[in-house]
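Below you'll find the structure, written out as structure tokens, and then a few comments.
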Amino acid sequence: MAKEKITGSEALMLALKAEGVTTIFGYPGGSIMPVYDALYDYTRGEKKAFDHILVRHEQAAAHAAEGYARVSGEVGVTLVTSGPGATNTLTGVADAMLDSTPIVVIAGQVPIAALGTDAFQEVDLVGVAQPISKWSYQIRHAEDIAWAVSRAFYIARSGRPGPVVLDFPKNAQTELVEFQPQKVNFVRSYVAYPKLDEKAIHEAANLINQAKKPLALVGQGVELGNAQNELLAFLEKADIPAGRTMLGLSALPSTHPLNVGMLGMHGNYAPNIKEQECDVLIAIGMRFSDRVTGNLKTYAKQAKVIHLDIDHSEIDKNVKTDVAVIADCKESLPAITALLHHADHKEWRDSFKPLEEKEREKVIEPAIHPTEGPLLMGEVVNAVAEATQGDAVLVTDVGQNQLFATRYFKYPKKRSICTSGGLGTMGYGMPAAIGATFGAPERTVCCFMGDGGFQMCIEELGTIMEQQAPVKMILMNNHYLGNVRQWQDMFWQRRKSFTKMMNPCYELIAKGYGIPYQAVVDRKDLQAAVEKMLHTQGPFILECAILEDDDVLPMTPPGMNVDDMMLSIKEE
């Protein structure tokens, strides 16, 4: 007996349900209207399967899906219309590609009969998205929906995760089809999980066993592979100090004795200096970004380099590798650990301490415990971090707010950071924080933003208002595009070209959206204001008046050697 036929739009609902989707971030429009009509029944009543979060801009839908994915470990889903609706998501798609975030963007499209006619809101989405996504595909007929959706989710979440874009012409949304769920777990020519090379495992273990000064560089790949426990066992057995990339900050607890801080341009002093002294460098789930390595010509030339990564394309891309272990780190780390000797590198570890103390004295204490003058970003971040006792998820926008927040927040738990790393997308923070509240509803979500980034996504206050999303928004207002201003001061003869911001009255804006608000100008009021924010149910905006020329330090100037790290703007 033939099955009852349903529309392609309802088939999409069933396909998403089969993939375990519970939350969709979207914005309706003409070319996706049949899907939204089907969605109506699947967000209420007996068929209820999804929560749909109506954002106020399609770019925010993609960033919200990213935030959801980053804290939950699931695939984030975005639903938009064709033309500008689809192209508005592309910044989020590119962001997710560079940061290996699994999202699926489903966009409406004109009927296939109208393709190529410059129809209203037609754009070649597959062609535009292909270079910045893991896979992009046009579902031309309803009979292809089950396969395409399952394939999209498999590709997005497997191996090195990333974004997938599905272009969904209107005819496929309205065609009738006998829906049969499919489960794709194999794609020809796509090797999601490379086979572990036993020879490479032994070579890596031998180098580590012989090392006198080993140093691990921990990236987000550890969290993407859910290998936090395997990492700890590896580091502890071989007694290896570990630095973390920005995206890998919560892969290793902040308080762990082998954690020596954040790597990179604005990371901690000790690991950056010691990268140039170690004899074996073990990179785990990281891609040797230019913001980590500085000048590649001089980077870690004294060290043997072991690179653990699931993506073959990252090997030797930036840094020449002596031993490449191409596999899921959840598999490769324990395989190496089993071959390691129990080591004691106390003398090597102790050599980090004078550098740590030097940074603490010259940079950290003045940043988090100032005694006079206007508020500083570091002390605001520190106040929030201490008040949340490490239980919160950190979300940042991009700029100085990001750099201060990532440096001074605390990360005792896994999946505790959402920030735009590779693309550096201003306007990311607020929508990603919205997504994070749905991805981890049991956790406090603290979103740090500058006045520039806040205004790039200010419309999402409407989403927060409607959903009562409990985002604790910390607006660090210095009336500048602060990071650009710092670079202008340091490298462009203090010529502040169009970085000064004329800002609105954020109190009135908060009032308009019905969101609780408080401003802090004097540091004596900071602690009480933070406590009020954290104890207020639902969303809150805490605006802090920040010193205009507050600078992020330490800093490795662009193009310089990684150990040419400045602890002050005017180095002695």
Side chains of [X] and [Y]: closer than 4.5 Å at any heavy-atom pair?
X      : Y      : answer
Ile306 : Thr321 : no
Lys472 : Phe448 : no
Cys418 : Glu66  : no
Leu215 : Glu275 : yes
Tyr154 : Lys183 : no

Other residues, nucleotides and ligands only: do more than 12 of their heavy atoms fall within 6.0 Å of [atom1] on [X]?
X      : atom1 : value
Lys330 : NZ    : yes
Tyr193 : OH    : yes
Glu46  : CD    : no
Lys317 : NZ    : yes
Lys237 : NZ    : yes

Taking the ring of Trp147 and the ring of Tyr137, is the distance between their centroids below 6.0 Å?
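For Tyr137 and Trp147, the ring centres are under 6.0 Å apart.
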
Tabulate below the donor-acceptor pairs under 3.5 Å that side-chain atoms of residues 17-26 make, not counting sequence neighbours, or state none.
residue : atom : partner : partner atom : Å
Glu19   : OE1  : Arg157  : NH1          : 3.1
Glu19   : OE2  : Ser150  : OG           : 3.4
Thr22   : OG1  : Tyr68   : OH           : 3.4

Say whether [X] and [Y], considering side chains only, have a donor N or O and an acceptor N or O under 3.5 Å apart.
X      : Y      : result
Arg70  : Thr419 : no
Glu460 : His63  : no
Thr463 : Glu466 : no
Tyr299 : Lys320 : no
Glu10  : Tyr42  : yes

Discussion item. In terms of relative ring orientation, are His52 and Tyr36 parallel, tilted or perpendicular, with 30° and 60° separating the classes?
Written reply: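 Judged by the thresholds at 30° and 60°, the geometry between His52 and Tyr36 is perpendicular.
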
Could you grab the distance from atom [atom1] of [X] to atom [atom2] of [Y], nearest 0.5 Å is fine?
X      : Y      : atom1 : atom2 : value
Gln138 : Asp167 : CD    : CG    : 4.5 Å
Thr245 : Leu217 : OG1   : CG    : 9.0 Å
His341 : Asn209 : NE2   : CG    : 4.0 Å
Asp197 : His202 : CG    : NE2   : 10.5 Å
Met13  : Phe50  : CE    : CZ    : 5.5 Å
Leu90  : Ile132 : CG    : CD1   : 4.5 Å

Check: [X] side chain, [Y] main-chain N or O, donor-acceptor pair, under 3.5 Å:
X      : Y      : result
Lys134 : Arg160 : yes
Asn272 : Asn268 : yes
Gln173 : Ser31  : yes
Asp309 : Glu314 : no
Asn171 : Pro111 : no

Shortest non-hydrogen contact between [X] and [Y], atoms and distance:
X      : Y      : value
Thr81  : Pro28  : CB-C, 4.4 Å
Val471 : Cys447 : CG1-CB, 3.9 Å
Ser133 : Val165 : CB-CG2, 4.3 Å
Ala385 : Thr388 : O-OG1, 3.1 Å

Salt bridge flag under 4.0 Å for residues [X] and [Y]:
X      : Y      : answer
Arg244 : Glu223 : no
Glu178 : Lys5   : no
Glu331 : Lys195 : no

- Message: Please evaluate residues Leu166 and Trp135 with respect to the criterion side chain to side chain contact (heavy atoms under 4.5 Å, CB included), reporting the C-alpha separation (whole Å), side-chain torsions for both, the decisive distance (0.1 Å), and the verdict.
- Response: CA-CA 8 Å; Leu166 292 177; Trp135 185 52; 4.1 Å; yes

Could you pull out all donor-acceptor pairs under 3.5 Å where a side-chain atom in residues 280-291 meets a protein atom, sequence neighbours excluded?
residue : atom : partner : partner atom : Å
Ser289  : OG   : Arg291  : N            : 3.1

Test Leu249 against Met262 for side chain to side chain contact (heavy atoms under 4.5 Å, CB included), laying out the working first.
CA-CA 7 Å; Leu249 282 170; Met262 185 168 76; 3.8 Å; yes

Passing candidate, side-chain hydrogen bond (donor to acceptor under 3.5 Å, both in side chains) with Thr425, options Asp397, Asp99, Thr91, Asp95: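 The option that passes is Asp95.
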
For a side-chain hydrogen bond (donor to acceptor under 3.5 Å, both in side chains) with Glu58, tell me which candidate from Thr89, Asn88, Thr87, Thr78 qualifies.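 The single option meeting the side-chain hydrogen bond (donor to acceptor under 3.5 Å, both in side chains) with Glu58 is Asn88.
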
